[in-house]
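See structure below.
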Amino acid sequence: MTDYKHVSAEQWLEWDRNHIWHPYSSVHSPVTPFAVSSAKGVRLTLADGREVIDGMASWWSAIHGYNHPALNEAAKSQLEAMSHVMFGGLTHQPAATLGKRLVDMTPASLTRVFIADSGSVAVEVAIKMALQYWIGRGRSDKHRLLALRNGYHGDTFATMAICDPVNGMHHLFNKVLPQHLFADAPATPFGETASDQDMASITRLIEQHHHELAAVVLEPIVQGAGGMRFYSADYLRRVRALCDQYDVLLIADEIATGFGRSGKLFACEHAGIEPDILCVGKALTGGYLSLAATLCSEELAATICSGEAGAFMHGPTFMGNPLACAIANASLDVLLSSDWQSQVAAIEQGLRSGLAPAREIPGVADVRCLGAIGVIELQQPVNMATIQPRFVDHGVWLRPFGKLVYTMPPYTISPDDLALLCAKTIAVLSEEHAQHG
Ligand SMILES: *Cc1c(COP(=O)(O)O)cnc(C)c1O
């Protein structure tokens, strides 16, 4: 029998290459992933002994850095009690406490929490809530969604259908995806007042389709994986007003922006608005385990349950997982007892000054920062095969996509490490330009 435990790195890397799917990977042009053996603070230790500064926070999630003592302790003590029990007919303190905390830290109208197992599921749950709400009001004709171009909401079927229709996966799956409506992405940058021209597309779509619209779904202020764009708070305020005027729900997908990343605890706060349904995920467990949540108002919840089904119709096997909830509670303790506002503001300043020299590199189209997010947009897509190892050689972990080289480091990154991260990013882009033009 194969000894699966005592194997060389070469051996298990071969297993990985032969059998494992990585995100958006191809068996025809496998890109060898870097093997990680451990992670602590803001550094990943690779299997070959090298250390890299993590500029990605594992896709927005590891806000406190890795191997955090308080989160480790929460995980260990919860393991001693129980790792998981089913949530149907049973409950436990970690889930109840997490629900109460999320209600306390989000807009006042949001009082009901569905604990989901991933971000995509949380968005699916939000869509289902919106549809069941309109069924409850006797308006099952309101079943379509309106999303923004350049949006990203997940990879499952219902969420794919509201991702950007061009750079998403619509053409591949168009026979099975529901046909929703798409407004032009807001062009007014963050900090500016939205023009009527910028409002025209979404205004026209809501005016024409409100009778069949269940909800507008958007990422407030920061469009993440669909383009790393920061847009006007005024635009968001006006979309909220349109939804009120035409009786359409507003779903805010804060899976990337939640828990301080944009400089506010939730990005909706930049606009002073409350969504009808809110999705959170990613940083919820400080990057330890997959967990997400969908919140709605008491009125929504009551209407959902007055409909034909008499209940909200969703219940995953691992719903409310105690281990994940206990870690989430610890992560919220760490976040809310820290001066995260100052940390994020300092990172924003560090990114602004550290990434500014990128503007001088030929081929750079734009450099922008908001909160603890820094983006360098290029004129041409990067060559992943050459740039990824180069970042690692320079001691940083970044994972660009398309024309976007971006960073959202753990909030705990020191000023020195942040300066190093920025300087290395610029060094690599300069080298790439010198070699490939
Ligand atoms: C990552 C992300 C999702 C999907 O979350 P998963 O946990 O990857 O399913 C949805 N919406 C936004 C805005 C995201 O950034």
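As the structure lists them, so they are numbered: ligands from 1, and atoms in each ligand from 1.
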So which bit of [X] gets within less than 4.0 Å of ligand 1, heavy atoms only: side chain, backbone, both or neither?
{"X": "His153", "result": "backbone"}
{"X": "Glu254", "result": "neither"}
{"X": "Tyr152", "result": "both"}

Is Ser120 in polar range of ligand 1, meaning some N or O pair under 3.5 Å apart?
yes

Nearest protein heavy atom to [atom], by residue and atom, and its distance?
{"atom": "atom 11 (N) of ligand 1", "answer": "Asp253 OD2, 2.7 Å"}
{"atom": "atom 7 (O) of ligand 1", "answer": "Gly119 N, 2.9 Å"}
{"atom": "atom 1 (C) of ligand 1", "answer": "Lys282 NZ, 1.4 Å"}

Given side chain to side chain donor-acceptor pair (under 3.5 Å), test Thr97 with Asn329 step by step and report yes or no.
CA-CA 7 Å; Thr97 303; Asn329 284 320; 4.8 Å; no

Output side-chain donor-acceptor pairs under 3.5 Å for residues 153-166, partner residues at least two apart or in another chain, one line each.
| residue | atom | partner | partner atom | Å |
| --- | --- | --- | --- | --- |
| His153 | ND1 | Asp253 | OD2 | 2.8 |
| Asp155 | OD1 | Tyr24 | OH | 2.9 |
| Asp155 | OD1 | Tyr152 | OH | 2.8 |
| Asp155 | OD2 | Tyr24 | OH | 2.5 |
| Thr156 | OG1 | Glu124 | OE2 | 2.6 |
| Thr156 | OG1 | Thr159 | OG1 | 3.0 |
| Thr159 | OG1 | Gly154 | O | 3.3 |
| Thr159 | OG1 | Asp155 | N | 3.3 |
| Thr159 | OG1 | Thr156 | N | 3.0 |
| Thr159 | OG1 | Thr156 | O | 2.9 |
| Asp164 | OD1 | Val166 | N | 2.7 |
| Asp164 | OD1 | Asn167 | N | 2.8 |
| Asp164 | OD2 | Asn150 | N | 2.4 |

Stepwise, does the side chain to side chain contact (heavy atoms under 4.5 Å, CB included) test hold for His270 with Phe190?
CA-CA 10 Å; His270 289 289; Phe190 183 77; 3.5 Å; yes

How far apart are the C-alpha atoms of Tyr133 and Asp276, what are their side-chain angles, what is the distance that settles it, and do they pass the side chain to side chain donor-acceptor pair (under 3.5 Å) test?
CA-CA 11 Å; Tyr133 170 76; Asp276 299 294; over 6 Å; no

Arg112, CZ: over 12 other non-hydrogen atoms inside 6.0 angstrom:
no

With no hydrogens and no angle check, just 3.5 Å: does a side-chain donor-acceptor pair link Asp198 and Tyr231?
no

